[in-house]
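A short write-up of the structure that comes next.
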Amino acid sequence: MAKRGNLFVISGPAGAGKSEIVKKLLAKHPEIKLSVSCTTRSPRPGEVNGVSYHFVDDAKFDALIAEDAFYEWAHVHQNRYGTLKSAVEEGLAAGNDMILEIDVQGCLNVMAQNPDATSIFVSPPSRANLEKRLVGRGTESEESLRVRLGNVAKEMAEAYKYDYIIIHRDWAEVPNALEIASDEVFAIITAKRLEKEKNVDFLDAFTADLTR
């Protein structure tokens with residue numbers, strides 16, 4: 001029987017770079033699995049249904065809520081996002097380390113329901129850098145940018161509740177900032193795998209073999 005995997009929840013302000021960090025991590029460590037969320041927002045250029053998100057309309061999302069199909073769901077910037085319980089639990093049961101890349105509100109919901117989840121907050125190095133990243137994406141209208149920046153202070157205040165904080169440095173100042181941040185996430189995952197509680201079965205078997 002496979003050893004149960006570990007659940008890692010990664011979040012932070014929009015534009016902090018968590019998506020890039022996760023993509024880099026998964027490219028280097030394909031054994032780690034990403035749980036794909038559902039959302040009612042429209043796809044952005046280049047996003048693929050079932051890969052980037054499960055894009056659904058409001059009626060379908062309502063049906064999933066009624067079925068208690070979500071591990072967590074939340075309203076974020078006039079849209080709804082949710083994590084399917086079945087996808088997370090099946091992955092963990094199969095022995096896969098699972099990553100949920102979700103917003104801060106959703107992460108707090110997961111933390112409240114699952115104390116075993118390891119929470120990682122990704123922060124930009126400064127407000128100025130965050131604004132530069134958001135504008136550089138080219139996906140934000142003036143109104144949506146105003147809304148996102150208005151939520152950052154509230155999201156940063158929640159960072160104190162997380163297990164780990166990763167500061168995603170300014171690429172102009174630290175050219176390998178993305179590599180550093182993804183390696184830091186993997187270091188957290190590795191440390192979780194090596195915890196004593198995760199290796200009691202090995203210790204018990206080894207001790208029994210030595211004392212027989």
Residue pair Val88, Leu7: steps toward the side chain to side chain contact (heavy atoms under 4.5 Å, CB included) verdict: CA-CA 8 Å; Val88 175; Leu7 178 60; 4.1 Å; yes

CA sep, side-chain torsions, deciding dist, call: Tyr71, Asn109, side chain to side chain donor-acceptor pair (under 3.5 Å): CA-CA 9 Å; Tyr71 193 69; Asn109 289 339; over 6 Å; no

CA sep, side-chain torsions, deciding dist, call: Thr83, Val110, side chain to side chain contact (heavy atoms under 4.5 Å, CB included): CA-CA 10 Å; Thr83 302; Val110 173; 5.7 Å; no

Side chain to side chain contact (heavy atoms under 4.5 Å, CB included) evaluation trace for Asn49 with Tyr53: CA-CA 6 Å; Asn49 187 38; Tyr53 288 95; 5.9 Å; no

Derivation of the side chain to side chain contact (heavy atoms under 4.5 Å, CB included) call for Phe121 and Val104: CA-CA 8 Å; Phe121 188 93; Val104 172; 3.9 Å; yes

Verdict with supporting geometry, Asp201 and Lys3, salt bridge (Lys or Arg N to Asp or Glu O under 4.0 Å): CA-CA 10 Å; Asp201 289 345; Lys3 183 188 296 186; over 6 Å; no

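A distance-only check finds no donor-acceptor pair linking the side chain of His168 to the backbone of Pro124 [under 3.5 Å]. Side chain of Asp103 to backbone of Gly106: a donor-acceptor contact under 3.5 angstrom is found. Using modelled atom types, one side-chain atom of Ser119 and one backbone atom of Asp163 make a donor-acceptor pair closer than 3.5 Å. A distance-only check finds no donor-acceptor pair linking the side chain of Lys24 to the backbone of Ser182 [under 3.5 Å]. For Glu47 (side chain) and Arg44 (main-chain N/O), a donor-acceptor pair under 3.5 Å exists by modelled atom type.
Using a cut-off of 4.0 Å between Lys/Arg side-chain N and Asp/Glu carboxylate O, Lys23 and Glu20 are scored as not salt-bridged. Ion pairing between Glu90 and Lys33 fails under the 4.0 Å rule for side-chain N and carboxylate O. Ion pairing between a basic and an acidic side chain is recognised when a charged N comes within 4.0 Å of a carboxylate O; Lys85 and Glu67 show no such pairing.
Between the side chains of Ser11 and Tyr162, at least one donor N or O lies within less than 3.5 Å of an accepting N or O. Remark: the Ser19 side chain and the Glu101 side chain contain an N/O donor-acceptor pair separated by less than 3.5 Å.
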Please list, one pair per line, the donor and acceptor atoms closer than 3.5 Å that link side chains of residues 57-66 to other protein atoms, with sequence neighbours excluded.
from: Asp57; atom 1: OD1; to: Ala59; atom 2: N; distance (Å): 3.3
from: Asp57; atom 1: OD1; to: Lys60; atom 2: N; distance (Å): 2.8
from: Asp58; atom 1: OD1; to: Arg80; atom 2: NH2; distance (Å): 3.1
from: Asp62; atom 1: OD1; to: Arg80; atom 2: NH1; distance (Å): 2.8
from: Asp62; atom 1: OD1; to: Arg80; atom 2: NH2; distance (Å): 3.1

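Taken from CD1 in Ile180 to CG in Asn176, the straight-line distance is 4.0 Å, to the nearest 0.5 Å. Between atom CZ of residue Phe70 and atom OG of residue Ser86 there is a gap of 10.0 Å, rounded to the nearest 0.5 Å. Rounding to the nearest 0.5 Å gives a distance of 12.0 Å between CD1 of Ile189 and CG of Leu194. For the atom pair CZ of Arg4 and NZ of Lys198, the computed distance is 8.0 Å after rounding to the nearest 0.5 Å. In this structure, NZ in Lys196 is found 15.0 Å from CZ in Phe202, a value given to the nearest 0.5 Å. Summarising the geometry, atom CG belonging to Leu25 is positioned 10.5 Å from atom CD belonging to Glu179; distances are rounded to the nearest 0.5 Å.
Side-chain contact between Ile102 and Ser37 is present, with heavy atoms from C-beta onward closer than 4.5 Å. Contact check for Pro13 versus Asn151: no side-chain heavy atoms found under the 4.5 Å cut-off. Residues Glu158 and Leu108 have side chains in contact (heavy-atom distance under 4.5 Å, counting atoms from C-beta outward). Looking only at side-chain heavy atoms (C-beta outward), Tyr81 and Glu72 stay at 4.5 Å or farther from each other. For the pair Asn79/His75, no side-chain contact is recorded, criterion being any heavy-atom separation below 4.5 Å from C-beta on. The side-chain heavy atoms of Thr118 and Asn6, taken from C-beta on, include no pair separated by under 4.5 Å. Side-chain contact between Asp183 and Lys28 is present, with at least one heavy-atom pair separated by less than 4.5 Å. Residues Val122 and Ile10 are in side-chain contact: their nearest non-hydrogen atoms beyond the backbone lie under 4.5 Å apart.
Linking Ile, Leu, Val, Met, Phe, Trp and Tyr whenever their side-chain heavy atoms come within less than 4.5 Å puts Val22 and Phe8 in one cluster. In the hydrophobic clustering of ILVMFWY residues, with side-chain heavy atoms under 4.5 Å counting as a link, Ile99 and Val36 come out apart. Hydrophobic clustering, with ILVMFWY side chains joined whenever heavy atoms are under 4.5 angstrom apart, keeps Tyr164 apart from Met98. Residues Ile32 and Ile188 are members of one and the same hydrophobic cluster, defined by side-chain heavy-atom contacts under 4.5 angstrom among Ile, Leu, Val, Met, Phe, Trp and Tyr. Follow the hydrophobic side-chain contacts under 4.5 Å out from Ile165 and you reach Met111 in the same cluster.
For Arg193, the salt bridge (Lys or Arg N to Asp or Glu O under 4.0 Å) partners are Glu31, Asp97, not counting sequence neighbours. Partners of Glu195 according to the salt bridge (Lys or Arg N to Asp or Glu O under 4.0 Å) rule, which considers only residues two or more places apart in sequence or in another chain, are Lys192.
Taking every heavy atom of both residues into account, Ala16 and Leu130 meet most closely at N-CD1, 4.1 Å.
Summarising the local packing, CG of Leu34 is surrounded by more than 12 heavy atoms from other residues, nucleotides or ligands at distances under 6.0 Å.
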